[in-house]
Structures are given as structure tokens and as C-alpha cells.
There are 2 protein chains.
Amino acid sequence: MAAPLPRDPIADAQRNWEQHGWADVAAPMAAITAIMRTQQILLARIEGALKPFGLTFARYELLALLSFARSGALPMNKASALLQVHPTSVTNAVDRLEGSGLVARSPHPTDGRTTLIELTAEGRIVAKRATAVLNAEVFGQSGFAPADVDQLIRILGAFRRNAGDFTD
Amino acid sequence: MAAPLPRDPIADAQRNWEQHGWADVAAPMAAITAIMRTQQILLARIEGALKPFGLTFARYELLALLSFARSGALPMNKASALLQVHPTSVTNAVDRLEGSGLVARSPHPTDGRTTLIELTAEGRIVAKRATAVLNAEVFGQSGFAPADVDQLIRILGAFRRNAGDFTD
DNA sequence: GCAATATACTAGGACATCCAAGGGTTTGGA
DNA sequence: TCCAAACCCTTGGATGTCCTAGTATATTGC
């Protein structure tokens, strides 16, 4: 781990923005930059927790999504939509998960264009174990105060809705 | 742009967590997942705004950092520390920015191991213009309420300090 | 003073993301 | 009915991030 900096680099950036005549957008700039950095920290923790399973976050998300599907299977385009990533990213994740024997591709019964992805027995087990580890090591020790978690869910939920993620 | 989903997929995930006996970590899971998704949305906006300049966010951050340095130059390791990214990422960004003529490498006057990166005249101009566009198109239209911006800065600032980013 | 350790940068590899383009399958309007 | 438009998935390319390893230069300690 890199040594801590003596000062918050984002707070410094915010001050720089204010001193260069961009005070009106200095705060949003700082908030957005902080989101970028926080994502980086969280992603590193998540990947670290998943490493023993040979999983990355992208692959884990797909496994978790499938494990919650009633039938344990989903069309690729559906997975792409729900995970909100590009179809090619799903193709990539499925290729690797299939190589590890955690999911399997199967043709859609009625639509020849569609491919279904399905959890294998081993995939279901790995998904469960990986979730347990993530819950214990990452989500359970996020470092966010409960009240702040609620704030984040509210603020980011509104942002995502506003960005067109969902209409709910 | 993908069509909006009828329901918030993260709220769904949170419900799934609660129904599977992980209610104690369902909220932090949702908050963290929301941060990941929000980062993705913001990054896409930023990259879109920077595209006309032939810049990516990683390269822009380096340009902006240099533009605020007193001398307009910084050692690579210093840039790596301040941007909080791996040294190889800085090498990558500098390679490309150097190729575009926006920065230049020069040897450190006293330490033979160190390489200084310096803004070129054109680099300084591009940094200024790109910042103006980012301020206008992204930071100035974040969609976050002012009070929420303050909340984000506070919550994520505490998180980053707690994660060891800085000691300030 | 010199060897051992530490630091700085870069090369190569693994992954993830997106975009653009291509080939196969369905759907829908003329 | 039939062909064009729409849709689905995959391939190939560009970028970014990190890790590991290797080379070169500094610093430290005996």
C-alpha cells in the first residue's frame, strides 16, 4: 500500500479550482473526483476478496445475477441490460466463466439469435461462497456510517435515475 | 444510450440480499454498488467531453496536475502519488501525452533515477481548454444538489482518509 | 569504500471497458 | 410473400489499470 499523503489531494484540487476562478464548479468537481477515487479503492478491496475464487468483480456480478434468476439462466442481452455494461463485456465475462466451468451457454429455445447463460452446479457453489466472503470482508466493513450509507443510496439513486438508468 | 430499466437494478439487488439472510450488509452493498455504477456514468460523461481534445480522463488528470504545479513540471513518482495510480499507469499516460506533444520528459537535475514531466506550451493551452469544457459540460451539470455535493465530499472524504489515502 | 538495500522508471502480460463492424436470425411493412 | 430493418452475439482494436520483473541509480551500513 502506498504511504498516505500528508494532505488530501482532492481538497487541494478543489482549492486550485477556487483560486483559478472556477469556484462555482469546484465543489461538484471535488465530489466527482472523490467518487472516482472511492470507486478505485472499493474495486481493489473487492478484487482482493474475490481473487482466491479466481473471480473478478465483473465475473462475480454476472454469477450473482444468475444466482438470483428464478431459472438460474438469463439471455446475454438481459444480463447486459441488468448489469448495465456493454454486450461485449458480457461476452468477455461469459467466455472466462465458461472456461472455468462456472457457467454454460445454451441456445434460446425459441429465438435463434439469443444465447442463454446458465449457472453450473459449481458456479452456484462458488457464487455462494464468494458472496459470503464479500459480505464479510467488504460490505460488512465498508467503513461507512449507517446514516451515510443511507445518504449515499439516496443521493446516488437520484443521480442514476436522473442519468436515465431506470424510471422506477 | 440504453433504454432505461423499469426498475432500479441496485434496489433489486438490495432486496435480494435482504431475502437471502444478508440484511445486515444489504445497505452497504447497495451503496457500494451504486458508487461503482455512478463512477461508470460520470467517467463516460467526462470521456465524452474530452474526446474532442484527443484526451482521456487519465491523461487529462495528469495535464491538470502539471498545470497547477508551480514550475509546470513534476517527477513521475510524485505524479503517481498525487494521482494515486500505479507508476506504470503514469508511464502509459506520459507516453501518449508525449506522443501528442502535450508533455515532455526531462532528466532530473540531481537524481539520475528520476524523470521529470513537463507541460509543453501546447499542453498548457489544451489543459486550459479541456478544463473549461469539463467545467461547463460535466462539473457544472452534475445533477447533484448543492447540499448533496457537500454530503458526498464529507462522506467520501472520511472514507478516503480512513482507507489510508491521506492523513491530513 | 564497497556491498546490500532501496528507489525510480519501464517492459510485458492479464483483465476490463468501450466502439465499430460483421454474420446470423427475426420481425414487419410493402 | 419477401426483403429491408431491427436485433443478438462475437471478433478485433484501442485504452486504462494493476502486477511482476528487470535495469539503472542512490543511499546505507559495516
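As the structure is a prediction and not an experimental result, all values here were calculated from the model. Side chains included, hydrogens not; waters and symmetry mates left out as well; all remaining heavy atoms used. Letters A, B, ... are given to chains in the order of the sequence lines, protein chains preceding strands, and every chain is numbered from 1.
- In this entry the distance linking CE of B:Met36 with P of C:dT17 reads 10 Å, nearest Å.
- Atom C1' of nucleotide C:dC18 and atom CD of A:Gln84 are separated by 15 Å, given to the nearest angstrom.
- Put simply, CG on B:Asn16 and CD on B:Gln19 are 6.0 Å apart, with the number rounded to the nearest 0.5 Å.
- Nucleotide D:dT10 holds its C1' atom 14 Å from the CD1 atom of A:Ile117, rounded to whole Å.
- Distances shown here put a side-chain N or O of A:Thr56 below 4.0 Å from the OP1 or OP2 atom of C:dA16.
- When the options B:Leu116, B:Ile117, B:Asp111 are evaluated for a side chain to side chain contact (heavy atoms under 4.5 Å, CB included) with B:Pro75, the one that passes is B:Leu116.
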statement: With B for base contact, S for sugar-phosphate-only contact and - for none (protein heavy atoms under 4.0 Å), nucleotides 19-24 of chain D reads BB----
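- Remark: the backbone N or O of B:Phe144 is paired with a side-chain donor or acceptor of B:Ser142 at under 3.5 angstrom.
- A distance of 12.5 Å separates CG of B:Leu156 from CG of B:Asn162, quoted to the nearest 0.5 Å.
- Nearest-nucleotide positions on DNA chain D for B:Val85 and A:Pro87 put A:Pro87 closer to the 5' end.
- At whole-Å resolution of the value, CG in B:Leu43 and P in C:dC18 are 10 Å apart.
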Taking distance alone, no hydrogens or angles, what donor-acceptor pairs closer than 3.5 Å link side-chain atoms of residues 89-96 of chain B to residues at least two apart or in another chain?
unit_1	atom_1	unit_2	atom_2	d
B:Thr91	OG1	B:Pro87	O	3.4
B:Asn92	OD1	B:Arg96	NE	2.7
B:Asp95	OD1	B:Arg105	NH1	3.1
B:Asp95	OD1	B:Arg105	NH2	2.9

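- Remark: A:Leu66 CG to A:Leu119 CG distance equals 4.5 Å, nearest 0.5 Å.
- The residues B:Arg37 and A:Asp165 are annotated as salt-bridged, a charged nitrogen and a carboxylate oxygen being separated by less than 4.0 angstrom.
- Backbone-only engagement by B:Gln40 is indicated by non-hydrogen atom pairs under 4.0 Å involving sugar-phosphate atoms exclusively.
- Rounded to whole Å, the distance from CG on A:Leu55 to P on C:dA14 is 19 Å.
- Which of D:dC9, D:dC18, C:dT10 sits closest to the side chain of A:Thr114 comes down to D:dC9.
- Note on B:Arg160 versus A:Asp8: salt bridge recorded, some NZ/NE/NH1/NH2 to OD/OE distance being below 4.0 Å.
- Counting heavy atoms of neighbouring residues, nucleotides and ligands inside a 6.0 Å radius, atom CZ of A:Arg154 exceeds 12 of them.
- When heavy atoms are screened at a 4.0 angstrom cut-off, B:Thr110 is found touching the sugar-phosphate backbone but no base atom.
- Both A:Asp111 and B:Asn77 lie near DNA chain C, and the one whose nearest nucleotide falls closer to the 5' end is B:Asn77.
- Enclosure of atom CZ in A:Arg15 by more than 12 non-hydrogen atoms of other residues, nucleotides or ligands within 6.0 angstrom is indicated.
- For the contact set between residues 89-102 of chain A and DNA chain C, defined by any heavy atom under 4.0 Å, the members are A:Ser89, A:Asn92, A:Arg96.
- The CD-C1' distance, from A:Gln39 to C:dA16, rounds to 11 Å in whole Å.
- Between A:Arg105 and the phosphate of D:dT10, there is a side-chain N or O to OP1/OP2 separation shorter than 4.0 Å.
- Across the protein-nucleic acid pair, B:Arg45 atom CZ and C:dC18 atom C1' stand 17 Å apart, rounded to whole Å.
- Atom NE2 of B:His108 is separated from atom P of D:dT25 by 15 Å (rounded to the nearest Å).
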